[in-house]
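Lettering of chains follows the sequences in order, A, B, ..., and the numbering in each one begins at 1.
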Amino acid sequence: MSDLDLAGEEGARDFIRDIVRADLRDGRVGGVVTRFPPEPNGYLHLGHAKAICIDFGIAEEFGGRCNLRMDDTNPTKEEHEYIDSIQQDVRWLGFDWGDRLCYASDYFEQLYEWAEHLIREGKAYVDDLSADEIREYRGTLTEPGRNSPFRDRPVEENLELFRRMRKGEFADGSRVLRARIDMASGNINLRDPVLYRILHASHPRTGDAWCIYPTYDYAHGQSDAIEGVTHSLCTLEFEDHRPLYDWFIANLPVPSRPRQIEFSRLNVSHTIVSKRRLLQLVREGLVSGWDDPRMPTLRGMRRRGFPPEALRDFVRRVGVTKSENLIEVAYLEACVREVLNKRAERRMAVLNPLKLVIENYPEDQVETLTAVNNPEDEGAGTREVPFSRVLYIERDDFMEDPPKKFFRLSPGAEVRLRYAYFVKCTGVVKDAAGNVTELRCTYDPATRGGDSPDGRKVKATLHWVSAAHAVDAEVRLYETLFRNPVPGAGGDFLADLNPDSLKVLEGCKVEPALAEAKLGQALQFERQGYFCLDPDSGPGRPVFNRTVALRDTWAKEKAKG
RNA sequence: UGGGGCGUAGCCAAGCGGUAAGGCAGCGGGUUUUGGUCCCGCCAUCCCAGGUUCGAAUCCUGGCGCCCCAGCCA
């Protein structure tokens with residue numbers, strides 16, 4: 001059975017894959033070619049991740065190929081910096097375009113020749129109307145437009161004018177080349193769309209070779225045709241453009257006939273992906289930069305510790321349809337946890353330390369205990385953790401006056417210290433203000449390793465760190481950037497910023513093994529969440545980002561009251 | 001009084017005339033040296049109204065609701 005058959009039998013099913021499958025089966029296409037066409041004017045984000053997974057994923061599944069194409073038709077907005085970052089991000093997500101890094105700008109000459117072809121056929125003309133006049137002549141959603149007074153210029157005059165446009169004889173905005181279609185069309189895209197505008201701007205790749213640049217509508221489909229793209233997948237807002245896309249393909253001597261198919265874009269709750277708004281967050285210093293771990297950019301999510309396979313799985317599970325959607329951010333988090341649960345090595349880290357002294361434990365004794373690195377993965381092995389008389393435990397793991405369902409430590413209660421011993425709380429030390437500053441406990445030497453020979457049960461297991469061996473660390477806890485499911489729904493999106501989106505914890509006490517944490521390594525701080533080392537870390541002073549918290553049913557129980 | 005889409009559970013989403021998959025969330029229970037993981041169970045009659053049919057989420061008609069389009073942006 002070939003890969004192709006396999007895709008047909010067992011591959012994911014959605015309306016696009018159904019179309020591709022049918023096109024292959026009926027011989028309308030010999031193979032599958034797609035493309036991911038970002039405009040190099042910003043960083044890739046979660047929304048792009050969906051498109052990337054679909055474009056590259058479908059090509060891969062059907063044994064085809066996917067080109068990475070920079071849609072660089074507007075030199076006033078594009079920068080070289082983005083051409084590099086886009087490639088890094090697509091690669092990080094897990095896709096490869098081989099040697100097929102393409103640029104719409106590579107087709108400028110061909111596109112120009114085809115424009116002359118349209119002029120010769122009487123299907124395009126140079127219009128001297130100003131931008132404002134063109135808008136006025138275009139009509140409205142409910143009223144037809146009017147023909148431009150320049151619409152019926154003779155072919156020769158159009159040709160001459162267009163060539164002079166290219167030579168740079170005219171000022172920006174003074175003339176455009178338009179397709180001659182139908183000013184009365186109900187579809188506004190067909191009311192003589194602009195093909196070329198004059199822009200005396202230098203292009204990141206073509207420099208000053210051109211002063212006229214093709215518009216998206218004119219360039220996109222023809223670029224697809226040149227590359228032999230069979231299925232040009234894009235988002236719903238381009239659905240209205242498809243008749244125009246098809247018109248160019250039908251009226252130009254292009255080498256192939258690509259087909260555009262639209263799907264709905266990804267919307268995730270408590271998140272924004274608008275380039276303008278993301279930029280505003282960066283510019284106003286509301287986040288630390290494009291790679292702030294709270295940002296929905298691929299760079300941000302990478303720094304946050306989201307595994308690329310979790311993102312791919314998320315896109316796969318969310319599906320491909322044409323319906324408007326708002327995916328709960330919890331779904332994304334679930335995908336992240338699923339991958340990290342299998343991969344992350346466990347460690348003990350006390351984020352909010354409370355000193356615990358074991359009164360009956362020998363003053364200078366230090367024991368080395370063995371801890372499992374990952375109960376989900378035998379191969380991850382074990383590590384050694386030092387234990388001694390003075391420890392730190394999590395403040396939240398002690399309550400002086402606990403409610404019935406609180407299983408953790410409280411006066412008189414006995415709990416297990418993970419991998420170590422059972423301890424019983426025998427006393428509480430407080431400062432003048434009445435705050436608990438230290439716990440006094442006794443331990444049961446017979447419970448070494450965490451099991452009691454007499455079968456005694458304990459209702460909680462706490463993580464801990466030996467005070468003398470602890471490594472100090474900074475830990476950054478993140479929540480969604482916005483507290484509203486749809487930021488800005490009430491007008492101002494900045495008003496919806498979540499004041500608790502970042503919480504910096506200093507003076508955290510982590511086990512010695514964490515001093516060796518490596519960038520990019522997935523970690524689980526037991527009972528708390530998944531974490532990763534941040535590049536801000538210094539020698540001997542690690543900084544950890546919380547990727548996502550562990551599911552917390554106790555927190556839910558507490559919330560119920 | 002324009003054109004193009006979409007409407008199945010709290011959120012996604014299968015379903016393509018034969019009697020509503022699955023995931024996330026939620027709820028209940030079991031296992032557990034992470035209140036994690038894992039396991040089990042519960043959780044919808046398909047926007048509305050007519051019609052066709054033995055039989056409709058699926059077909060037809062008419063409504064209603066929501067989204068997109070008037071850049072020389074993509």
Side-chain angles (χ1 to χ4, degrees), chain A residues 13-14 18 37-39 41 71 73-74 76-78 127 129-131 134-136 138-145 172-178 184-191 193-199 212-213 215-217 219-220 234-243 262 264 269 275 314 317-335 337-338 341-342 346 348 371-372 375-376 405-408 415-420 422 447 449-451 458-463 485 524-530 549-558:
Chain A
R13 295 209 85 105
D14 56 60
D18 284 345
E39 182 187 13
N41 72 342
D71 219 337
T73 57
N74 187 347
T76 65
K77 301 195 163 186
E78 295 148 12
D127 196 345
L129 253 28
S130 69
I134 286 181
R135 185 181 319 117
E136 196 186 316
R138 186 153 34 225
T140 69
L141 293 177
T142 52
E143 300 156 16
D172 285 6
S174 59
R175 279 176 236 265
V176 292
L177 183 72
R178 290 231 255 172
S185 174
N187 182 342
I188 290 180
N189 294 301
L190 262 21
R191 319 239 265 229
V194 172
L195 273 49
Y196 273 91
R197 67 290 215 190
I198 301 173
L199 252 24
I212 58 172
Y213 291 92
T215 56
Y216 163 86
D217 279 316
H220 203 91
C234 63
T235 45
L236 247 31
E237 63 269 29
F238 293 102
E239 207 155 20
D240 286 343
H241 295 241
R242 190 175 356 118
E262 313 83 12
S264 60
S269 74
K275 217 164 275 176
F314 174 61
R317 294 215 256 180
V318 141
V320 184
T321 68
K322 296 183 76 138
S323 36
E324 218 40 68
N325 59 72
L326 180 64
I327 316 290
E328 289 167 347
V329 70
Y331 204 175
L332 209 207
E333 292 171 348
C335 293
R337 285 194 195 99
E338 190 172 300
N341 176 49
K342 293 279 185 273
R346 274 57 171 174
M348 293 198 284
V372 172
E376 304 291 321
K405 288 179 174 171
F406 186 81
F407 305 147
R408 282 110 95 147
V415 299
R416 172 170 37 234
L417 293 180
R418 177 140 237 222
Y419 299 122
F422 283 13
T447 57
D451 282 308
V458 101
K459 292 182 83 175
T461 300
L462 309 188
H463 60 278
Q524 182 195 105
F525 290 177
E526 293 215 32
R527 306 206 300 135
Q528 307 198 98
Y530 296 98
L550 246 30
R551 191 171 275 110
D552 188 351
T553 50
W554 166 239
K556 277 181 212 158
E557 193 64 42
K558 262 196 310 192

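- A/Gln524 comes within contact range of at least one nucleobase, with a heavy-atom separation under 4.0 Å.
- Relative orientation of the A/His220 and A/Tyr216 rings is tilted, given thresholds of 30° and 60° on the angle between their planes.
- Residue A/Phe525 is out of contact with every strand shown, counting any heavy-atom pair closer than 4.0 Å.
- Nucleotides B/rG23 and B/rG15 place their C1' atoms 16 Å apart, quoted to the nearest Å.
- The side chain of A/Thr321 approaches B/rA13 more closely than any other nucleotide in the set B/rU34, B/rG5, B/rA13.
- B/rG62: Watson-Crick or G-U partner is B/rC48, with both key distances under 3.5 Å.
- Residues satisfying the side-chain hydrogen bond (donor to acceptor under 3.5 Å, both in side chains) test with A/Arg138, not counting sequence neighbours, are none.
- Under the Watson-Crick or G-U wobble criterion, with both distances below 3.5 Å, B/rU31 is left unpaired in every strand shown.
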| Run the side chain to side chain contact (heavy atoms under 4.5 Å, CB included) check on A/Phe406 and A/Lys558 step by step: do they pass? | CA-CA 9 Å; A/Phe406 186 81; A/Lys558 262 196 310 192; over 6 Å; no
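- Here A/Tyr530 pairs with nothing under the ring pair (Phe, Tyr, Trp, His ring centres under 6.0 Å) rule; sequence neighbours left out.
- Annotation: side-chain contact (heavy atoms from CB on, under 4.5 Å) contacts of A/Leu199 (sequence neighbours excluded): A/Asn74, A/Pro75, A/Thr76, A/Arg197, A/Tyr213.
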| task | Any chance you could list the contact pattern along nucleotides 20-29 of chain B? Use B for base contacts, S for sugar-phosphate-only contacts and - for none, protein heavy atoms under 4.0 Å, 5' to 3'. | result | ---BBSSSS-
| query | Once each nucleotide of nucleotides 66-74 of chain B is scored for protein heavy atoms under 4.0 Å, what B/S/- sequence comes out, 5' to 3'? | reply | -SBBBSBSB
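- For A/Thr553, a side-chain nitrogen or oxygen approaches OP1 or OP2 of B/rG36 to under 4.0 Å.
- Comparing B/rC43 with B/rG28, their C1' atoms sit 11 Å apart, to the nearest whole Å.
- Heavy atoms of other residues, nucleotides or ligands lying less than 6.0 angstrom from NZ of A/Lys275 number more than 12.
- Of the two residues near RNA chain B, A/Tyr530 and A/Glu239, the one whose nearest nucleotide lies more 5' is A/Glu239.
- Rounded to whole Å, the P atom of B/rG65 lies 36 Å from the corresponding atom of B/rC27.
- Residue A/Lys322 contributes atom NZ, which lies 12 Å from atom P of B/rG4 at whole-angstrom precision.
- Checking B/rC43 for Watson-Crick or G-U wobble geometry (two distances, each under 3.5 Å) identifies no partner in any strand.
- Ion pairing of A/Glu39 with A/Lys77 is absent here, as no side-chain N (NZ or NE/NH1/NH2) approaches a carboxylate O to less than 4.0 Å.
- Taking atom CD of A/Glu262 as the reference point, atom C1' of B/rC6 lies 13 Å away to the nearest angstrom.
- Residues satisfying the ring pair (Phe, Tyr, Trp, His ring centres under 6.0 Å) test with A/Tyr331, not counting sequence neighbours, are none.
- Against the 90° criterion about 0, the sugar-base torsion of B/rG71 places it in the syn range.
- The pairing partner recorded for B/rG36 is none, the criterion being a Watson-Crick or G-U wobble arrangement whose two distances lie under 3.5 angstrom.
- The C1' atoms of B/rC54 and B/rU19 are separated by 12 Å, rounded to the nearest whole Å.
- Atom CZ of A/Arg242 and atom C1' of B/rG5 are 10 Å apart (whole Å).
- A/Ile327 places its CD1 atom 14 Å from the P atom of B/rA9, with the value rounded to the nearest Å.
- The separation between A/Arg13 atom CZ and B/rA14 atom P is 12 Å, rounded to whole Å.
- In a base pair of the Watson-Crick type (N1 to N3 plus N6-O4 or O6-N4) or a G-U wobble (N1-O2 and O6-N3), with each distance short of 3.5 Å, B/rG18 is matched with B/rC54.
- As rounded to whole Å, 11 Å separates atom P of B/rG4 from atom CG of A/Leu190.
- Among the atoms of the strands shown, base atoms are found under 4.0 Å from some heavy atom of A/Tyr419.
- Across the P atoms, B/rA14 and B/rG22 are found 15 Å apart, a figure rounded to whole Å.
- With A/Asn325 contributing its side chain and A/Ser323 its backbone, the two residues share a donor-acceptor pair below 3.5 Å.
- With C1' as the reference atom, B/rA13 and B/rA70 are 35 Å apart, rounded to whole Å.
- Side-chain N/O atoms of A/Gln528 and base N/O atoms of B/rU34 include no donor-acceptor pair closer than 3.5 Å.
- Under the 4.5 Å side-chain criterion, counting only non-hydrogen atoms from C-beta, A/Arg13 is in contact with A/Asp18.
- Atom P of B/rC12 sits at a distance of 23 Å from the matching atom of B/rA49, rounded to the whole Å.
- Using a 4.5 Å heavy-atom threshold, the side chains of A/Asn189 and A/Arg242 count as separate.
- For the P atoms, the distance linking B/rG63 with B/rU1 amounts to 11 Å, nearest Å.
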